[in-house]
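Structure first, commentary second.
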Amino acid sequence: MRRIGFPWSPDLVTRALASAGGTLAAARDAVETGRGGTLAGGTHHAFRDEGSGYCVFNDIAIAIAELRAAGKVRRAAVIDLDVHQGDGTAAIFAGDPDVFTLSLHGGSNFPFRKQTSTLDVALADGTEDAGYLEALLPALDRVVEFDADIVFYQSGVDGLAEDRLGRLALTREGLAERDRLVFESVSRPLVVTLGGGYADPIELTVEAAAQTYRMLAAL
Ligand SMILES: [Zn+2]
């Protein structure tokens with residue numbers, strides 16, 4: 001409970017299972033139609049054997065494992081643009097040549113003990129749109145080169161300047177440009193998960209996340 005940060009309850013069990021199941025369903029949609037999304041998930045701090053940082057199970061890892069076991073995909077990539085490092089995802093797939101994990105995150109933010117992704121890009125506190133997008137472009141090129149059968153996008157919007165936990169200084173327009181670059185670069189089945197967002201007022205987070213899903217729906 002201390003590491004996860006939620007009090008234990010039957011509702012939490014239901015929520016954690018539904019969230020992981022939602023990402024799996026979105027991944028199956030993506031295999032069939034080219035895209036899928038869930039308004040939850042992206043619980044990237046969960047490790048193989050324990051939860052952490054508001055994350056109980058690692059939904060993206062579960063979906064990748066299930067699709068591979070079913071023979072639907074062989075290689076997968078994870079584009080994790082939540083402001084916090086995707087440490088659980090990185091650890092779960094460390095040493096796995098068929099999964100590329102990209103994490104672009106605040107270098108001094110949680111988790112304070114970082115794991116090693118296939119590609120980590122650590123950003124300084126206060127990074128603005130221009131610096132962020134400049135760092136993102138070459139990282140996306142690496143994902144494209146990997147040529148996965150399916151790509152998961154953890155689209156957390158906690159890089160927003162008004163976010164209470166983010167420490168970056170991105171605008172809503174900057175986040176829209178970020179999403180556009182991701183959607184334009186990925187030509188494989190794409191799965192979008194929600195990730196984090198803690199703005200004050202929270203409506204700013206909701207609006208930023210909604211614009212991601214509107215863009216996905218318009219693809
Ligand atoms: Zn986050």
Side-chain angles (χ1 to χ4, degrees), residues 2-6 12 15-16 19-20 22-23 26 37-47 50-63 78-93 101-129 131-133 135-136 139 152-172 174-176 178-179 182 191-213 216:
R2 191 163 58 234
R3 283 205 66 186
I4 291 172
F6 289 139
L12 179 65
R15 177 186 181 277
S19 177
T23 298
T38 173
L39 289 168
T43 41
H44 59 171
H45 299 309
F47 287 75
E50 61 181 345
S52 172
Y54 306 141
C55 301
V56 179
F57 297 127
N58 194 309
D59 57 315
I60 291 175
I62 289 168
V78 183
I79 298 171
D80 189 332
L81 301 187
D82 188 282
V83 84
H84 304 101
Q85 193 206 27
D87 56 341
T89 315
I92 288 169
F93 293 113
T101 54
L102 163 66
S103 180
L104 202 81
H105 53 261
S108 64
N109 208 327
F110 179 91
F112 302 109
R113 190 175 353 131
K114 302 284 192 287
Q115 302 293 323
T116 304
S117 311
T118 311
L119 178 58
D120 286 298
V121 181
L123 302 164
D125 287 359
T127 296
E128 297 182 349
D129 292 343
Y132 185 91
L133 297 169
L136 175 60
F152 290 78
Y153 178 26
Q154 207 278 25
S155 66
V157 294
D158 42 11
L160 204 59
E162 294 85 357
D163 197 274
R164 291 181 292 109
L165 305 179
R167 301 192 197 167
L168 300 191
L170 307 184
T171 66
R172 191 171 144 190
L175 286 170
R178 171 197 79 159
D179 293 340
V182 170
V191 188
V192 180
T193 64
L194 186 67
Y198 315 91
D200 184 15
I202 194 66
E203 283 77 6
L204 296 171
T205 290
V206 174
E207 278 302 322
Q211 82 180 352
T212 303
Y213 286 85
L216 173 70

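It should be emphasised that the depicted structure is a prediction, and the values quoted were computed from it without experimental measurement. What's counted below: heavy atoms across the whole structure, side chains too, no hydrogens, waters or symmetry copies. Both counts, for ligands and for their atoms, begin at 1 and track the order of listing.
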Please work out which of the three classes, parallel, tilted or perpendicular, describes the rings of Phe110 and His45, given edges at 30° and 60°. perpendicular
If I consider every N, O or S atom in Asp158, which one ends up closest to the Zn ion (ligand 1)? I only need its name. OD2
Taking just the N, O or S atoms of Asp82, which one is nearest to the Zn ion (ligand 1)? OD1
Scanning both residues in full, the closest heavy-atom pair of Leu170 with Thr127 reads CD2-O, 3.8 Å
Counting distance only, does the side-chain N/O of Arg172 pair as donor-acceptor with the main-chain N or O of Gln211 below 3.5 Å? no
Let me know which of Asn58, Asp80, Asp59 forms a side-chain hydrogen bond (donor to acceptor under 3.5 Å, both in side chains) with Thr89. Asn58
The Zn ion (ligand 1) contact by His84, N, O or S atom under 2.8 Å: yes
